[in-house]
> 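Dropping the structure in here first, questions after.
When a ligand or atom number is given, it counts from 1 through the structure's own listing order. Numbering of residues begins at 1 and proceeds along the displayed sequence.
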Amino acid sequence: MLELLTEKFGGTLSKLKGARKLTDKVINDALRDIRLALLEADVDYEVAKSFLKRVRERALSQEVKRNLSPAEQVITIVYEELVNILGKEKEDLKKGTVLFVGLQGTGKTTTIGKIANLLKKKGFKVAVSSTDVRRPAAMLQLERLAERIGVPYYSFEEGLSAVQIAERAVQRAKQDGVDYLLLDTAGRLHVDEELMEELKEIKERVKPSEIIYVADAMQGQTALETAKTFHELLGLTGVVLTKMDGDARGGLALSVRESLGVPIKFIGVGEKVEDIEPFYPDRIAQRILG
Ligand code: GDP
């Protein structure tokens with residue numbers, strides 16, 4: 001995860017360490033290297049552009065502290081701006097019904113299991129259910145996962161629509177006094193109108209506290225485009241990036257907040273149920289800068 005950025009930024013910063021003064025040339029050379037690193041890491045073009053603009057303005061401005069070396073000054077600015085685009089603060093999940101949306105194969109079901117486990121360990125009362133009526137195997141996958149983790153899976157008689165399942169699950173969660181109801185939704189191989197209509201209707205009926213988009217970090221920019229479509233139609237409240245363990249570029253992590261205006265809440269770092277971490281922008285920025 002993020003190895004490419006760490007390596008490239010490391011190279012830029014060690015070059016900077018040789019510079020005695022922060023001249024225009026030193027700054028421009030550093031920014032050029034950083035720009036290349038960001039684009040190679042698959043960071044969204046507009047995000048990279050506005051990031052560099054802010055770093056340049058600050059590096060050239062008076063706010064730079066005189067008692068720091070040129071390298072330290074640039075590192076400080078780059079660090080702060082990284083934290084800025086990553087989202088500043090870690091965000092928690094709001095209690096209530098949490099709807100998970102996204103395409104098939106991104107890791108939606110696995111993520112629900114991971115988050116259910118995490119919340120349960122924190123002492124919250126959690127239940128899960130699936131509205132993926134077209135794929136009984138997907139429902140069964142979540143049911144098995146819930147069993148293993150030890151949280152209730154709400155199942156209902158056959159023949160109900162996705163919207164009906166969502167409504168009943170919410171009712172049941174209320175009766176049970178559940179803190180978090182995690183609801184899986186249908187995943188398709190691509191965005192289609194029927195899926196979006198179904199999700200919009202579920203949203204209207206159950207008024208979720210969160211709508212979380214699950215994105216596969218390995219898909220980079222493609223995942224960002226799909227997330228934008230979901231965001232326009234549903235109004236996402238957060239993103240989980242899965243498969244960060246397999247993505248050395250990390251571009252999506254840097255692009256999501258700035259491009260969608262939606263926080264990354266968790267990252268998936270493996271296939272096991274424990275392989276999830278809250279997203280801490282400052283730690284990620286530190287990791288990138290090595
Ligand atoms: P869904 O179709 O979106 O519900 O996807 P699944 O939850 O079934 O996951 C699809 C595949 O991705 C499975 O093989 C999971 O084990 C794998 N997967 C999910 N999250 C991660 C992750 O963070 N890291 C890795 N390496 N694999 C993951």
> Could you list which atoms of ligand 1 come closer than 4.0 Å to a heavy atom of G268?
23 (O)

> Please verify whether a non-hydrogen atom of L103 lies at under 4.0 Å from ligand 1.
yes

> Can D282 and Y79 be counted as having a side-chain donor-acceptor contact under 3.5 angstrom?
no

> At a 4.0 Å threshold, what atoms of ligand 1 neighbour a non-hydrogen atom of T110?
6 (P), 7 (O), 9 (O), 15 (C), 19 (C)

> Which residue and non-hydrogen atom of the protein lie closest to atom 5 (O) of ligand 1, and at what distance in Å?
G107 N, 3.1 Å

> Please say whether Q104 places an N or O atom under 3.5 Å from an N or O atom belonging to ligand 1.
no

> Does a donor on one side chain sit under 3.5 Å from an acceptor on the other, for T109 and D184?
yes

> Of all residues at least two apart in sequence or in a different chain, which pass the side chain to side chain contact (heavy atoms under 4.5 Å, CB included) check with K272?
E274, D275

> Does the N or O separation between D245 and ligand 1 drop below 3.5 Å for any pair?
yes

> For atom 22 (C) of ligand 1, grab the closest protein heavy atom and report residue, atom and distance to one decimal in Å.
G270 O, 3.1 Å

> Does L181 offer a backbone N or O that forms a donor-acceptor pair with the side chain of Y154 under 3.5 Å?
no

> Is M218 touching ligand 1 with its side chain, its backbone, both, or neither, if touching means heavy atoms under 4.0 Å apart?
neither

> Indicate yes or no: does an N/O atom of E271 lie under 3.5 Å from an N/O atom of ligand 1?
yes

> If we only count N/O pairs under 3.5 Å, is G105 in contact with ligand 1?
yes

> Report yes if the side chains of E277 and V269 come closer than 4.5 Å at any heavy-atom pair, otherwise no.
yes

> Can you tell me if V269 contacts ligand 1 (heavy atom of the residue under 4.0 Å from the ligand)?
yes

> Counting only nitrogen or oxygen atoms and a 3.5 angstrom limit, does T109 reach ligand 1?
yes

> For ligand 1, which part of Q141 has a heavy atom less than 4.0 Å away: the side chain, the backbone, both, or neither?
side chain

> Under the rule for side chain to side chain contact (heavy atoms under 4.5 Å, CB included), what residues qualify as partners of E40, not counting sequence neighbours?
L4, K8

> Can you check whether I211's main-chain N or O pairs, donor with acceptor, with T237's side chain at less than 3.5 Å?
yes

> Which pair of non-hydrogen atoms, one from G250 and one from L2, has the smallest distance, and what is that distance?
CA-CD2, 3.6 Å

> With no hydrogens and no angle check, is any side-chain donor or acceptor of T111 less than 3.5 Å from a backbone partner on G107?
yes

> For D275 and ligand 1, does the shortest N/O to N/O distance drop below 3.5 Å?
no

> Where the side chain of T131 meets the backbone of V163, is there a donor-acceptor pair that is under 3.5 Å apart?
no

> Suppose I only count heavy atoms of K108 and a 4.0 Å limit; which atoms of ligand 1 are within that range?
1 (P), 3 (O), 4 (O), 5 (O), 7 (O)

> What protein heavy atom sits nearest atom 28 (C) of ligand 1, and how far off is it?
K243 CG, 3.8 Å

